[in-house]
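Worksheet: one structure, shown below.
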Amino acid sequence: CSFSGFKVYPGRGRWLIRTDGKTFHFLNSKCERSHFQKKNPREVSWTVLYRRKHKKGQVEEAAKKKSRKSHKAIRAVAGLSMADLMAKRNQKPEFRKAQREQAVRNAKEKAKAKEAEKKAQKQAEAKQSRPAGQKQKAAKVMKPTAPRVGGKR
Amino acid sequence: LGAALRIQAAVPATGCCVCRNWISTTPRLDYIQRRTRLRVVDNSELGRRAMEAGKPPRVMHVYGKKLKAATGDMVMVAILGQKRRGFIVGARRPEGPLRPQFDSNNLVLLNDEGQPLGNRILAPVPSFLRANRNPKLDYTKLLAIATKFV
């Protein structure tokens with residue numbers, strides 16, 4: 001039924017086609033009259049539309065719904081075969097910690113090595129270009145006195 | 001002063017009893033008969049002109065030895081000063097179970113041979129017409145130009 005939302009069995013009710021082509025099925029004259037009185041079925045409490053809008057009697061339906069659990073399948077990745085993947089997965093936490101510490105130590109040693117290198121380089125450069133260093137200093141002082149584009153005069 | 005005015009308004013000035021609420025006691029008058037104005041629902045030139053001019057066709061005669069026409073009957077209409085045959089494809093009167101009723105009395109214009117004047121029917125046509133029961137008219141061509149069956 002276009003108004004009440006109930007099922008209209010064959011032989012019951014009326015079937016109206018409006019001038020604009022819209023079809024309406026009415027269960028009985030109660031529904032028909034309500035429609036022509038321009039009542040909004042969403043405001044008429046015994047209709048299906050009202051009950052849906054105000055969520056009447058749907059708590060039971062919601063409880064009955066089963067929650068679906070998605071099962072994740074463990075698949076082999078491009079870089080690792082299944083065996084390698086499982087091995088990585090099953091590593092003990094102590095093992096992992098040891099790995100991490102090792103990595104940290106390596107990184108630190110690398111950093112130290114780099115620093116030592118840099119220092120050595122700098123010293124070598126300083127020995128080579130001492131006289132030029134003074135000129136550079138002079139040039140550096142010139143920079144701040146470059147012409148101002150805007151701002152305060 | 002306001003109270004006095006209100007009392008005055010309740011009493012009719014003339015003094016006689018004026019019935020304000022007229023309730024119609026006649027039954028629904030939704031038969032299609034002579035003098036009934038119909039709505040042309042095909043795309044024929046004549047029909048369109050008539051409807052746009054605000055001069056809908058008027059039934060002059062109902063074929064089939066009856067006085068009242070319903071969906072599936074042929075009628076003779078007067079349209080823009082002409083006499084034309086027409087076929088009723090929808091009526092306001094409720095038909096019966098499993099048959100739709102329409103908001104307007106719909107007409108498709110025919111020529112003298114019984115062929116539709118237009119080449120499309122714009123309103124929905126009830127599908128019980130497919131049984132083609134009218135002894136006076138073979139309206140299969142008419143159904144062929146229908147756009148929507150209901």
Side-chain angles (χ1 to χ4, degrees), chain A residues 1-70, chain B residues 21 23-24 27-32 36-43 47-48 50-52 54 56-57 70-72 87-108 118 120-131 143 145-150:
Chain A
C1 177
S2 308
F3 185 82
S4 62
F6 298 144
K7 286 188 185 169
V8 184
Y9 282 87
R12 239 185 230 281
R14 275 199 194 162
W15 178 12
L16 169 76
I17 298 169
R18 224 166 42 182
T19 322
D20 58 7
K22 285 198 184 137
T23 320
F24 296 91
H25 293 267
F26 299 118
L27 175 63
N28 49 26
S29 59
K30 178 181 177 182
C31 301
E32 202 183 338
R33 295 295 298 140
S34 303
H35 177 267
F36 286 115
Q37 286 170 13
K38 296 185 183 169
K39 288 191 180 169
N40 187 352
R42 282 170 190 82
E43 291 164 17
V44 179
S45 52
W46 50 267
T47 61
V48 168
L49 280 171
Y50 175 97
R51 301 206 96 224
R52 232 182 267 161
K53 180 186 170 186
H54 295 265
K55 295 183 186 150
K56 301 281 187 189
Q58 284 183 5
V59 184
E60 290 172 15
E61 282 187 47
K64 275 186 184 174
K65 264 192 182 175
K66 291 180 191 171
S67 59
R68 285 187 204 161
K69 284 185 184 174
S70 58
Chain B
N21 303 315
I23 301 166
S24 170
R28 237 180 109 141
L29 301 173
D30 45 17
Y31 278 114
I32 299 171
T36 308
R37 281 160 295 182
L38 304 174
R39 177 182 160 229
V40 180
V41 292
D42 59 13
N43 64 350
R48 232 176 349 102
M51 297 308 288
E52 276 169 20
T71 322
F87 184 78
I88 295 180
V89 292
R92 290 198 71 188
R93 185 167 182 78
E95 284 273 338
L98 303 173
R99 292 185 172 190
Q101 62 173 121
F102 291 76
D103 245 8
S104 57
N105 297 313
N106 300 336
L107 180 83
V108 176
R120 216 177 292 142
I121 299 176
L122 305 167
V125 173
S127 45
F128 68 81
L129 286 177
R130 284 200 245 225
L143 298 176
I145 65 171
T147 49
K148 188 181 177 194
F149 279 99
V150 166

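Side chains included, hydrogens not; waters and symmetry mates left out as well; all remaining heavy atoms used.
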For A:Arg33, does the CZ atom have more than 12 heavy-atom neighbours from other residues, nucleotides or ligands under 6.0 Å away?
no
Could you give the distance from CD1 (A:Ile17) to NZ (B:Lys148), rounded to the nearest 0.5 Å?
7.5 Å
Side chain, backbone, both or neither: which part of A:Arg18 has a heavy atom under 4.5 Å from chain B?
both
Indicate the atoms forming the closest heavy-atom contact of A:Thr19 with B:Ser104, along with that distance.
CG2-OG, 4.1 Å
Considering only heavy atoms, which portion of B:Pro124 lies under 4.5 Å from any heavy atom of chain A: side chain, backbone, both, or neither?
side chain
Where does B:Arg92 contact chain A at under 4.5 Å (heavy atoms): side chain, backbone, both or neither?
neither
Measure across A:Trp15 and B:Val150 and return the closest heavy-atom pair with its distance rounded to 0.1 Å.
CZ2-CG1, 3.0 Å
Around atom CZ of A:Arg12, are there more than 12 heavy atoms of other residues, nucleotides or ligands at under 6.0 Å?
no
